[in-house]
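Working notes, structure below.
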Amino acid sequence: MTEPSFRCPLSLCTLPPPLTSRSGTSLLTLSFSFSFNCHLTLSLSLSIPSPIKLTPRANPNDTHLSSHTESKLELFGFDSLVNILGLKSMTGEQVAMPSSPRDGEDVAITIGRPKETGPKLGTLMGVFVPCLQNILGIIYYIRFSWIVGMGGIGQSLLLVAFCGSCTFLTSISLSAIATNGAMKGGGPYYLIGRALGPEVGVSIGLCFFLGNAVAGAMYVLGAVETFLDAVPAAGFFQESVTVVNNTLANGTASAGATTISTPSLHDLQVYGVIVTILLCFIVFGGVKIINRVAPAFLVPVLFSLFCIFIGILVAPRHNAPSGVTGLRASTFKDNWSSDYQPTNNAGVPDPSGSISWDFNALVGLFFPAVTGIMAGSNRSASLKDTQRSIPVGTLAATLTTTTMYFISVLLFGALATREELLTNRLLTATVAWPVPAIIYIGIILSTLGAALQSLTGAPRLLAAIANDDILPVLNYFKVSEGGEPHLATLFTAFICIGCVVIGNLDLITPTITMFFLLCYAGVNLSCFLLDLLDAPSWRPRWKFHHWSFSLVGALLCIVIMFSISWAFTVVSLALASLIYYYVSIKGKAGDWGDGFKSAYFQLALRSLRSLGARYFRNAANQVHPKNWYPIPLIFCRPWGKLPENVPCHPKLADFANFMKKKGRGMSIFVSILDGDYPSRAEDAKVMCHQLATYIEYKKCEGVAEIVVAPTMSDGFRSVVQTMGLGNLKPNIVVMRYPEIWRRENLTQIPSTFVSIINDCIIANKAVVIVKGLDEWPNEYQRQYGTIDLYWIVRDGGLMLLLSQILLTKASFESCKIQVFCIAEEDTEAEELKSDVKKFLYDLRMQAEVIVVTMSGSQGQDDSIEAFSAAQRRIASYLADMKAAANGGPLMADGKQVMVNEQQVEKFLYTTLKLNSTILRYSRMAAVVLVSLPPPPLNHPAYFYMEYMDLLVENVPRMLIVRGYRRDVVTLFT
């Protein structure tokens, strides 16, 4: 007995009966529930009872049962629901891993379990601690108290709020982008590149790489300077500077003067290069060694901070300098206002110093102390849950450090006098409890750890950019999956050593600031663009974001850049622009689904809606002539006789470029594939790809379309009705003249040719038919002579406009235009010539006007011979029609026709006279343009082809043009 089918309540589909096992247990149940508010609920349940095994029975004779159990859901096109849901691994079966998403970029569904790559990190150790380590660096230990002394408490609080707001808003933008999908290697480069495109991503990514490399030098110099301050005897050179009440005296100390020893520049250079080389040896050991020693750098940082705050609370101790007053209200009041002074290169106040300071300069010095928020995103591949850890960890680290900076400003401002703040470069070590040596050790270890992280992250960022295969010049830095970027590490070390040789920390920090601000601006702009466009794929899990926050964050980054140094800003932007330009010229194309593509899409939709609104408001359904652009529909293979591997006639692509002024406009290349669509769909895709590749090779601004239809006439009728969007529909149909139809005895061409022309007339499309296409010049073949127009009928000025567009091309720029007007009588010639000259003058077109009459013209010998041959062929064709009719109505092309033999003779004779006139005046013309006569009603298509053949006889190069019911030129401005 057959199981009954279940009919859906709305009769929309027929559902199969439930799948059951031999024991009667339901294996698969599909249920639909409908309600009137269009809510659809799909319930899918999979029940696998324990007595039932998923593997087929081991009976080799039971082949029918085996095939049935292997494919339960053939009706739905799936081999097994268990395989689709990745449940085979639960049954012990092996599931093939998916291929790398490098080619397809982002995969939405992963089949099976992902390959385990090692232990994953959580929010604390994976994001919060790395960000904290990178943010709390050398600036806080040896420059923060100096900043409070120079800017005062008030402006220092403003400075922390200003820089902290920038990083906080950037963290919000980073959280939104990072939670919009899985992340791969590259950190912010990956995020920016996938949001703003490969050009922007590579340019900002390389600048961010430089910023990390230079930051490594900054950390190395900080560690060396701290070491030399702690152990002065280790220096090979010594520089003594004496400050007396902010008045400098070199060489000797006077009464009340304080002698300050600062590390020599040469000592910084020597020790810095040595330390950088040692760190590079550790980096060459691999990321596993770095991860083992990284936690050891965190403990000194936290312990040193604890010692600093304890020392501030118990200050002043018995051995404290006189400038350390302890937490006093009077000291707080004295240090509230700013006291900007010039300093020497070591940062010591000097009235004749070469470095002057203000709030903007302090921003450039302090901003590296708030960077490091990208450390968590750089480790996205090692996180258990990136979409939770990155937002929580990054924002927690940002808020923690910003709060600590605010508290530190208040404490340092109330702790010591301004002179002590400005002259004691290691005030944090002076006040630390119990001994300063703890701070020295903590500073050295923390800065070396940060330098190690920079020298580790920068090469991997460069390798990630190289692995995306956008810039061929970076191919040297490519690494295999899981490999170490040794060559990129050497390049990073070279940059780091070069910055170490500079030796001046205050000159290096603004450079780092520019590169990091450029990266932060890129992250904010990425989130702003994605949030504003709000594409369907934009669904971040982090909900606390808004496009206005991202816009303010980006503007803050730009303002900070220019406030620090407009010269550094211009240089950094110029460098990023040069990289962008180089990537756009030399880089390989890549579609990463970036936000700019979505912006272009939204802009195109808005423009189409705007054009459509104007279109429907215009009663005449016309585009204004001043806004008219040719949008040619190029009929690529209308008459066959091209090799299968040639998607389009080569000269048709050249002609399409000739129809657009300075390349402005769009062309649609269409080819019709005979056959049935289901059976030829794959062939159509292959042909469309070939045609699109060919269009790109010919440098044509256009798109490729392939239409599958039973016949060419049916295919073209579909194309002419549906091709285009809104008011951006093709307005000119371009095809070659079928010169081969008689030679190849292609009897179906006349009916197809006439059908296409009639469809264009009905659809109100202009027509341009190219005769002599094989001889059409390319852009390098210069033509001389004239462009002759035989203006017979009103066409809206299309023929005149095409001739002017041809003159803008290098091939025809040496030609002159001649306009031939056909007059009925000689008495009308002068008046017609005067009117046409005035009309052309108003149109700003320069052309020579020639009026000709065909009343007494004599036919050329070759034209008369062609005329006689056409008469004989038409007579023979007509006789065959009458014989086939056998006394009934005449039939041609599958329909009834009416033939007036006198009218046929008149058409032939008129065509003869026009052809003779063209040969008399324009035999040597570079190109001839003539009006296209419409196919006569109820005439056989064969007769029309005879008229056309006689019209183009012996004319080597001709454009047969028919306008449409729209003006394409205007007299008015």
Side-chain angles (χ1 to χ4, degrees), residues 135-165 167 222 225-226 229 243 246 258 260 304-305 307-313 315-316 320-343 346-350 353 355-371 401-432 436 439 443 505-506 509 513 560 563-564:
I135 295 174
L136 292 176
I138 186 65
I139 300 296
Y140 179 79
Y141 289 104
I142 66 175
R143 287 291 185 270
F144 195 75
S145 58
W146 184 91
I147 290 174
V148 175
M150 185 68 73
I153 298 175
Q155 292 197 15
S156 297
L157 292 174
L158 180 62
L159 175 68
V160 173
F162 190 50
C163 297
S165 299
T167 55
E225 183 177 343
T226 304
D229 279 336
V243 177
N246 295 335
T258 304
I260 303 171
S304 62
L305 291 176
C307 292
I308 290 172
F309 284 108
I310 293 298
I312 292 175
L313 294 177
S322 59
V324 178
T325 63
L327 298 177
R328 293 184 180 179
S330 59
T331 306
F332 185 91
K333 182 179 179 181
D334 293 338
N335 291 332
W336 176 261
S337 60
S338 62
D339 186 14
Y340 294 108
Q341 306 175 39
T343 65
V348 178
D350 182 358
I355 302 177
S356 59
W357 294 92
D358 55 15
F359 182 80
N360 294 338
L362 290 184
V363 171
L365 178 62
F366 173 72
F367 193 82
V370 296
T371 60
T401 52
T402 303
T403 303
M404 191 197 74
Y405 286 149
F406 277 121
I407 296 175
S408 298
V409 169
L410 300 176
L411 293 179
F412 282 130
L415 175 67
T417 62
R418 191 182 302 273
E419 182 180 354
E420 186 70 23
L421 293 173
L422 292 175
T423 57
N424 192 344
R425 298 167 61 85
L426 281 171
L427 181 63
T428 53
T430 302
V431 301
I439 301 303
I443 294 175
L505 191 64
D506 296 333
T509 49
T513 302
I560 291 175
S563 64
I564 295 174

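Remember, predicted model here, so these are calculated numbers, not experimental data.
- In terms of heavy atoms, Y340 sits closest to G151 at OH-CA, 3.9 Å.
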Exercise for the section: Using the side chain to side chain contact (heavy atoms under 4.5 Å, CB included) rule, take S145 and M150 through it: C-alpha gap first, then chi angles, then the decisive distance, then the call. Expected result: CA-CA 9 Å; S145 58; M150 185 68 73; over 6 Å; no

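- A donor-acceptor pair is defined here as one N or O able to donate and one able to accept, closer than 3.5 Å; such a pair exists between the side chain of T428 and the backbone of Y141.
- Between T167 and T371, every side-chain heavy-atom pair lies at or beyond the 4.5 Å cut-off.
- Across S563 and N360, no two heavy atoms sit closer than the pair O-CB, 2.6 Å.
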Practice task
Determine, step by step, whether T401 and L136 satisfy the side chain to side chain contact (heavy atoms under 4.5 Å, CB included) criterion, reporting the C-alpha distance in whole Å, the side-chain angles of both residues, the deciding distance to 0.1 Å, and the verdict.
Solution key: CA-CA 7 Å; T401 52; L136 292 176; 4.1 Å; yes

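- F359 contributes atom CZ, which lies 5.0 Å from atom CG of L159 (distance to the nearest 0.5 angstrom).
- The minimum heavy-atom distance between S338 and Q155, with the atom names listed, is OG-NE2, 3.6 Å.
- Residues T430 and N424 bring a donor and an acceptor atom of their side chains to less than 3.5 Å of each other.
- In this structure, CD1 in I147 is found 11.5 Å from OG in S408, a value given to the nearest 0.5 Å.
- Side-chain contact check for E419 versus S322: every heavy-atom pair is 4.5 Å or farther apart.
- Between atom CG of residue L327 and atom CZ of residue F412 there is a gap of 10.5 Å, rounded to the nearest 0.5 Å.
- Ring geometry for Y140 versus Y405: interplanar angle of 30 to 60°, hence tilted.
- One distance of note links CG of L427 with CZ of R143; it measures 13.0 Å at 0.5 Å rounding.
- Between A429 and P436, the closest heavy-atom pair is O-CB, 3.1 Å.
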Problem - Derivation of the side chain to side chain contact (heavy atoms under 4.5 Å, CB included) call for I560 and F162 - result: CA-CA 9 Å; I560 291 175; F162 190 50; 3.3 Å; yes

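- Nearest heavy atoms, G323 versus E420: CA-OE1, 3.7 Å.
- If you take OG1 on T331 and NZ on K333, they are separated by 12.0 Å, rounding to the nearest 0.5 Å.
- Remark: the backbone N or O of L415 is paired with a side-chain donor or acceptor of T325 at under 3.5 angstrom.
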Handout entry: From CA spacing to verdict: side chain to side chain contact (heavy atoms under 4.5 Å, CB included), T343, D350
Key = CA-CA 5 Å; T343 65; D350 182 358; 5.6 Å; no

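- Below 30°, between 30° and 60°, or above 60°: for W146 and W357 the angle between ring planes is above 60°, a perpendicular geometry.
- Put simply, CD on Q341 and CD1 on I355 are 13.5 Å apart, with the number rounded to the nearest 0.5 Å.
- The two residues A315 and V324 make their nearest non-hydrogen contact at CB-CG1, 4.2 Å.
- Between D334 and T417, every side-chain heavy-atom pair lies at or beyond the 4.5 Å cut-off.
- Distance alone, capped at 3.5 Å, is enough to place a donor-acceptor pair between the N335 side chain and the G413 backbone.
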